[in-house]
Engineer: 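The following block contains the structure, expressed as structure tokens.
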Amino acid sequence: MLNMANSDVVDMICRKAVEVVTVDELRDRILHGGKLRGYLGFEPSGLFHIGWLIWAFKYRDLVNAGIDMYLLAATWHAWINDKLGGNLDLIRAAANHVVSVLKHVNIDISKVKVVYAEELVDDREYWGILIKVAKRVSLARVRRALTIMGRKSEEAETDFSKLIYPLMQVTDIFYLDLDVALGGIDQRKAHMLARDVADKLGFKKPIAIHTPLLTSLQGVGRMDIKGEVDDVLSEVKMSKSRPESAIFITDSDDEIRKKIMNAYCPPKQVDLNPVMELAKYIIFYDEPKKVVIERPQRFGGPLEIYTYRELEDLYISGKLHPLDLKATVADHIVDIVRPIREGVIKESGELLAGLMSHVSR
RNA sequence: CCCGCCGUAGCUCAGCGGUAGAGCGCCCGGCUGUAGUGUGGGGGCGCAGUCACCGGGUGGUCGGGGGUUCGAAUCCCCCCGGCGGGACCA
């Protein structure tokens, strides 16, 4: 694993994660388990959302840690969740879009094994595993493992495939013979279900790594990695009527600035403050990092900081005004997104245009 | 991963410091029928039936391992297994 000490590898894998279940298992398997296999499954649901950068960064960490990383384009899963109007062609296009973005997040894609759900579903062994998993769990347990899909879940008509969904997530992990399952904290239920049944079925018990989710820019709800019934299709519509809703990797510099400047950002408060979260999870993902807060002399003049901790202290104490925070955060987010956006447009502008035309239809 | 409940007879469970129990099931018999056992009567055997009922019988590493105690199914700790819930936000 590169030339890093094992403890440094563990630290890199765990940094900025909400939780790792469990760190002990991770350490143990790095010491004795040989080459580890890991994955992240994503539901292609439209345009790449800035919240996804958080898991993308973590994914990059895992690749750099020498873990054999799979990337599962969960096309069938997305179809079950009615993403993109249930149009599998569009869903596949969205999957390609995500792969394209990841390339421009400096992930060495040559080391990544991209797998489409179609490949899994085409293999009868996959379904054999799924049936074994189903045999080991109660109906109540499966229900509990499925992420509530959308706010209208009570009245939402649920078809039976929704119950197969968690079983597929578990089967994905076993089928790919993984040591590590990476995902947003909203994936916890599925990962825990996999851990619950792994030993019973003789599969490897996956170590689960969960990254944080971003609070939506309005301060209500979440920009989920997955699980919303209203897919990005409607999120994009929303963003036209409510420009501050979310940031997409395709947003222009001005759009990003505008969205951030309009975002919910309670003074002196860090919890559920989306602007501070952007700083914490995206700008300061790598620390230390030099960040200059430009501000007029009459408001205290410029500040130079290197860690999120410093920023948080300044903000909580009230020494940093929300407006100055937003301007600084916007600048840095723009700097981070711009090269990704430009790279993606250059590489797959056509794909993107096609996707956007459908998404905003 | 976290929390809670449960694990005692084949099944459902009670017992919760002082001789391991109940109901159901299961086995045997009672009961019914016999184109067989050369014939008729009787009985036995065999075979078949038997919802319920009656009599008798059968039921156990009290999930595993440690510990406390004169004594543990019972109290304490660890583990295993089952079930339910929780697990950013809602």
Engineer: Counting only side-chain N and O atoms of Ser216(A), is one of them less than 4.0 Å from OP1 or OP2 of C89(B)?
Structural biologist: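 No.
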Engineer: Does a donor on one side chain sit under 3.5 Å from an acceptor on the other, for Glu294(A) and Thr328(A)?
Structural biologist: no
Engineer: Does any donor atom in the side chain of Asp254(A) or Ser252(A) lie under 3.5 Å from an acceptor atom in the other side chain?
Structural biologist: no
Engineer: Quick check: on RNA chain B, is the nucleotide nearest Ala190(A) upstream (toward 5') of the one nearest Leu139(A), or the reverse? Name the residue that is more 5'.
Structural biologist: Leu139(A)
Engineer: Before accepting this row, confirm whether a basic side-chain N of the pair Glu287(A)/Lys280(A) lies closer than 4.0 Å to the acidic partner's carboxylate O.
Structural biologist: no
Engineer: Send over the distance from Gln218(A) CD to A90(B) P, rounded to a whole Å.
Structural biologist: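 Roughly 13 Å, once rounded to whole Å.
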Engineer: Toward the 5' end of RNA chain B, which comes first, Ala145(A) or Asp199(A), by nearest nucleotide?
Structural biologist: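 Nearest-nucleotide comparison on RNA chain B picks Asp199(A).
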Engineer: Could you check which nucleotide pairs with C51(B) in any of the strands shown, counting Watson-Crick or G-U wobble with both distances under 3.5 Å?
Structural biologist: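 Paired with C51(B), as far as the under-3.5 Å criterion goes, is no nucleotide at all.
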Engineer: Could Lys290(A) and Tyr306(A) be counted as a cation-pi pair, given that NZ or CZ must be under 6.0 Å from the ring centre and within 45° of the axis?
Structural biologist: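 Cation-pi check for Lys290(A) and Tyr306(A): fails.
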Engineer: Where the side chain of Lys189(A) is concerned, which of A87(B), G85(B), C83(B) is the nearest nucleotide?
Structural biologist: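 Out of A87(B), G85(B), C83(B), the nucleotide with an atom closest to Lys189(A)'s side chain is A87(B).
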Engineer: I need the CG-C1' distance between Leu213(A) and C88(B), as an integer number of Å.
Structural biologist: 6 Å
Engineer: Hey, does the side chain of Lys83(A) reach the backbone of Ile91(A) with a donor-acceptor pair shorter than 3.5 angstrom?
Structural biologist: no
Engineer: Can you see whether Asp28(A) engages His32(A) through a side-chain donor-acceptor pair at a distance of less than 3.5 angstrom?
Structural biologist: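 Their side chains do contain a donor-acceptor pair, which is all the 3.5 Å distance test asks for.
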Engineer: Taking a pair as Watson-Crick or G-U wobble with both distances under 3.5 Å, which nucleotide is matched to A22(B)?
Structural biologist: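 Check on A22(B): paired to U12(B), both distances under 3.5 Å.
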Engineer: Suppose we screen for ring pair (Phe, Tyr, Trp, His ring centres under 6.0 Å). Which residues come up paired with His210(A), at least two apart in sequence or across chains?
Structural biologist: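 By the ring pair (Phe, Tyr, Trp, His ring centres under 6.0 Å) rule, His210(A) matches His191(A).
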Engineer: Looking at G36(B), which nucleotide sits across from it as a Watson-Crick or G-U wobble partner, both distances under 3.5 angstrom, or is there none?
Structural biologist: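 The answer is C45(B), by the H-bond criterion.
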Engineer: Just name whichever nucleotide pairs with C75(B), Watson-Crick or G-U, keeping both distances under 3.5 Å, else none.
Structural biologist: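 Check on C75(B): paired to G67(B), both distances under 3.5 Å.
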Engineer: Does a side-chain N or O of Lys200(A) approach OP1 or OP2 of C80(B) to a distance below 4.0 Å, or not?
Structural biologist: no
Engineer: Which whole number of Å gives the distance between the P atom of G63(B) and that of A73(B)?
Structural biologist: 10 Å
Engineer: Which value, in whole Å, describes the distance between the C1' atoms of nucleotides A9(B) and A14(B)?
Structural biologist: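 One C1' to the other, the span is 13 Å.
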Engineer: Think Arg143(A) has a side-chain N or O under 4.0 angstrom from the OP1 or OP2 of G84(B)?
Structural biologist: no
Engineer: Hunt down the Watson-Crick or G-U wobble partner of C1(B), both distances under 3.5 Å, from any strand shown, or write none.
Structural biologist: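 Pairing partner: G86(B).
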Engineer: Quick test: give all pairs of protein nitrogen or oxygen and nucleotides 1-4 of chain B nitrogen or oxygen below 3.5 Å, distance rounded to 0.1 Å.
Structural biologist:
unit_1: C1(B); atom_1: OP2; unit_2: Lys205(A); atom_2: NZ; d: 3.3
unit_1: C1(B); atom_1: O2; unit_2: Arg188(A); atom_2: NH1; d: 3.2
unit_1: C1(B); atom_1: O2; unit_2: Arg188(A); atom_2: NH2; d: 3.0

Engineer: Starting at atom CG of Asp186(A), determine the distance to atom C1' of G86(B), rounded to an integer number of angstrom.
Structural biologist: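 Checked: the CG to C1' distance equals 16 Å.
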